[in-house]
Asker: 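Encoded as structure tokens, here's the structure I'll be asking about.
Excluded from the calculations below are hydrogen atoms, water molecules and symmetry mates; all remaining heavy atoms, backbone and side chain alike, are included. Per chain, numbering begins at 1; letters A, B, ... match sequence-line order.
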2 protein chains.
Amino acid sequence: MKCQVEDFKKEHKKEMRAVQDSMYVLSGKWKIPILTSICYYNKRRFSDFLNDIDGISNRMLSKELKELEINKLIKRTVLDTQPIVVQYELTEHGLTLQTIINNLTEWGIAHRKKIVQGIE
Amino acid sequence: MKCQVEDFKKEHKKEMRAVQDSMYVLSGKWKIPILTSICYYNKRRFSDFLNDIDGISNRMLSKELKELEINKLIKRTVLDTQPIVVQYELTEHGLTLQTIINNLTEWGIAHRKKIVQGIE
DNA sequence: CAGGATCCTATACGATACTG
DNA sequence: CAGTATCGTATAGGATCCTG
């Protein structure tokens with residue numbers, strides 16, 4: 001039965017790595033808010049994010065958008081209008097995050113209630 | 001119709017805040033791995049985490065466990081054995097994270113495939 | 001065993017100004 | 001409009017040693 005215990009552990013190590021991979025991409029203060037914004041609005045522009053997300057600076061926005069693009073979660077399209085308009089949207093891969101985003105939204109609401117309840 | 005647009009925006013602001021609340025609690029390098037470990041094993045001890053989670057130091061583990069306890073996600077129990085054994089488990093509130101953890105596990109596996117595929 | 005104390009570094013993030 | 005450049009701070013995290 002030693003073998004089964006080993007398999008059990010091995011499986012958990014794999015799950016652990018998977019969860020760390022996810023968080024490596026999604027962690028930080030702004031990535032999820034950015035993704036959430038595109039997720040709910042479908043198409044967003046640089047200045048849209050600046051309005052959607054309270055407190056984000058253009059520096060961070062620019063930086064995070066690049067990383068999300070590198071990770072193939074969002075697609076950047078430059079429309080040749082005058083002045084230039086840049087559009088961001090989720091890639092197919094990015095769309096697979098929708099479940100997580102919805103869960104995080106629901107959980108965040110529930111969690112706030114739970115914590116506030118402790119204060120009063 | 002202006003009113004409807006405003007409601008629409010207001011709703012999204014709420015979702016945005018919710019998602020930020022969630023990430024505020026879960027962000028960082030170690031919180032989700034710790035929760036995942038308890039989630040899959042049910043009960044864990046300090047030294048168990050040290051083994052489960054590659055690379056974590058006792059300093060960080062101790063710090064993160066405290067924060068998770070403050071946020072009511074885990075429960076700490078001291079068993080009066082000799083030597084002392086400390087047991088950690090998910091609270092009821094912590095258990096509500098299971099869905100997210102499972103999703104993050106699945107997504108992490110898929111994401112790794114997606115990125116590796118881009119390299120080869 | 002389950003941490004705490006101390007010291008140190010890296011990087012995440014913020015503020016502000018500037019550009020094609 | 002959609003960013004870049006520069007500078008400064010704060011915090012996250014790592015390494016090591018110590019303790020009841």
Side-chain angles (χ1 to χ4, degrees), chain A residues 16-17 19-38 41-71 73-89, chain B residues 16-17 19-38 41-71 73-89:
Chain A
M16 211 61 113
R17 197 190 61 179
V19 111
Q20 299 213 43
D21 285 344
S22 295
M23 289 311 283
Y24 183 78
V25 177
L26 304 176
S27 249
K29 199 168 171 182
W30 303 117
K31 299 229 179 65
I32 287 281
I34 290 170
L35 291 168
T36 304
S37 175
I38 321 187
Y41 284 104
N42 292 324
K43 298 189 179 191
R44 292 270 92 183
R45 296 162 54 176
F46 195 86
S47 47
D48 290 333
F49 291 120
L50 254 22
N51 287 319
D52 296 344
I53 307 166
D54 278 350
I56 195 169
S57 67
N58 52 359
R59 193 184 89 88
M60 283 310 291
L61 178 57
S62 168
K63 198 183 145 209
E64 302 286 57
L65 286 171
K66 271 182 197 162
E67 288 178 31
L68 291 173
E69 208 188 340
I70 289 171
N71 279 299
L73 299 179
I74 62 174
K75 190 173 63 180
R76 178 177 181 275
T77 318
V78 182
L79 308 180
D80 58 345
T81 50
Q82 201 48 256
I84 285 173
V85 164
V86 181
Q87 210 164 63
Y88 292 92
E89 49 199 322
Chain B
M16 211 60 115
R17 198 191 61 180
V19 110
Q20 300 212 43
D21 285 344
S22 296
M23 290 311 283
Y24 185 76
V25 177
L26 304 176
S27 248
K29 201 168 172 183
W30 304 117
K31 298 227 180 65
I32 287 281
I34 290 170
L35 290 168
T36 304
S37 175
I38 319 188
Y41 283 105
N42 292 326
K43 298 189 179 192
R44 291 272 91 181
R45 297 162 53 177
F46 196 87
S47 48
D48 290 333
F49 292 121
L50 253 24
N51 287 318
D52 296 344
I53 307 167
D54 278 350
I56 196 169
S57 66
N58 55 355
R59 193 184 89 89
M60 283 311 290
L61 179 56
S62 167
K63 199 182 144 209
E64 303 286 57
L65 285 172
K66 271 182 197 161
E67 289 179 30
L68 290 173
E69 208 188 340
I70 288 171
N71 278 298
L73 300 179
I74 62 174
K75 190 173 62 181
R76 179 177 180 274
T77 318
V78 182
L79 308 179
D80 59 346
T81 51
Q82 200 50 254
I84 284 173
V85 163
V86 181
Q87 211 166 61
Y88 291 92
E89 50 197 324

Asker: May I have the distance from A:L65 (atom CG) to C:dC13 (atom P), rounded to whole angstrom?
Answerer: 14 Å

Asker: For A:I84 and B:K31, find the nucleotide of DNA chain D closest to each by heavy atoms; which residue's nucleotide sits nearer the 5' end?
Answerer: A:I84

Asker: When you get a sec, tell me which of D:dG3, C:dT6, C:dG4 is the closest nucleotide to the side chain of A:N58?
Answerer: D:dG3

Asker: Name the one of B:R76, B:R44, B:K43 that satisfies side chain to side chain contact (heavy atoms under 4.5 Å, CB included) with B:E89?
Answerer: B:K43

Asker: What residues from residues 41-55 of chain B pass a heavy-atom cutoff of under 4.0 Å to DNA chain C?
Answerer: B:R45, B:F46, B:S47

Asker: Calculate, to the nearest 0.5 Å, the distance between atoms OH and CG belonging to B:Y24 and B:N71 respectively.
Answerer: 8.5 Å

Asker: Would you say A:K29 places a side-chain N or O within less than 4.0 Å of OP1 or OP2 belonging to C:dG14?
Answerer: yes

Asker: Taking A:F49 as the fixed residue, which of A:I56, A:I34, A:N58 is the one that meets the side chain to side chain contact (heavy atoms under 4.5 Å, CB included) rule?
Answerer: A:I34

Asker: D:dT4, OP1 or OP2 - any side-chain N/O from A:S62 closer than 4.0 Å?
Answerer: yes

Asker: Could you tell me whether a side-chain N or O of A:S27 sits under 3.5 Å from a main-chain N or O of B:G28, the two making a donor and an acceptor?
Answerer: yes

Asker: For A:L50, look at atom CG and say whether over 12 heavy atoms of other residues, nucleotides or ligands are found less than 6.0 Å away.
Answerer: yes

Asker: Would you kindly give the CG-to-P distance between B:L68 and C:dG3, to the nearest whole Å?
Answerer: 13 Å

Asker: A:I34 has an atom CD1; how far is it from atom C1' of D:dG3, in whole Å?
Answerer: 14 Å

Asker: With respect to the side chain of B:V86, which nucleotide from C:dA2, D:dG3, D:dG13 is positioned closest?
Answerer: C:dA2

Asker: I need the CD1-P distance between B:I56 and D:dA12, as an integer number of Å.
Answerer: 14 Å

Asker: What is the distance from atom CG of B:L73 to atom CG of B:L65, rounded to the nearest 0.5 Å?
Answerer: 11.5 Å

Asker: Using whole Å, what does the distance between atom P of nucleotide D:dA12 and atom CE of A:M23 come to?
Answerer: 14 Å

Asker: Provide, to the nearest angstrom, the distance between the CE atom belonging to A:M60 and the P atom belonging to D:dT9.
Answerer: 18 Å

Asker: The side chain of B:V85 lies closest to which of these nucleotides: D:dC1, D:dA2, C:dA2?
Answerer: C:dA2

Asker: Is a donor-acceptor pair below 3.5 Å formed from side chain B:R59 to base C:dG3, judging by atom type as modelled?
Answerer: no

Asker: For the side chain of B:Y88, counting heavy atoms from C-beta on, which of D:dG14, C:dC13, C:dG3 is nearest?
Answerer: C:dG3

Asker: Measure from the side-chain heavy atoms of A:K63 and tell me the nearest of C:dA12, C:dT6, D:dG3.
Answerer: C:dA12

Asker: NZ of A:K31 to OG1 of A:T36: how many Å apart, nearest 0.5 Å?
Answerer: 13.0 Å

Asker: How many Å lie between CG on A:L61 and P on D:dT4, as a whole number?
Answerer: 10 Å

Asker: Would you mind reading off the distance between B:W30 atom CH2 and D:dT11 atom C1', rounded to a whole angstrom?
Answerer: 17 Å

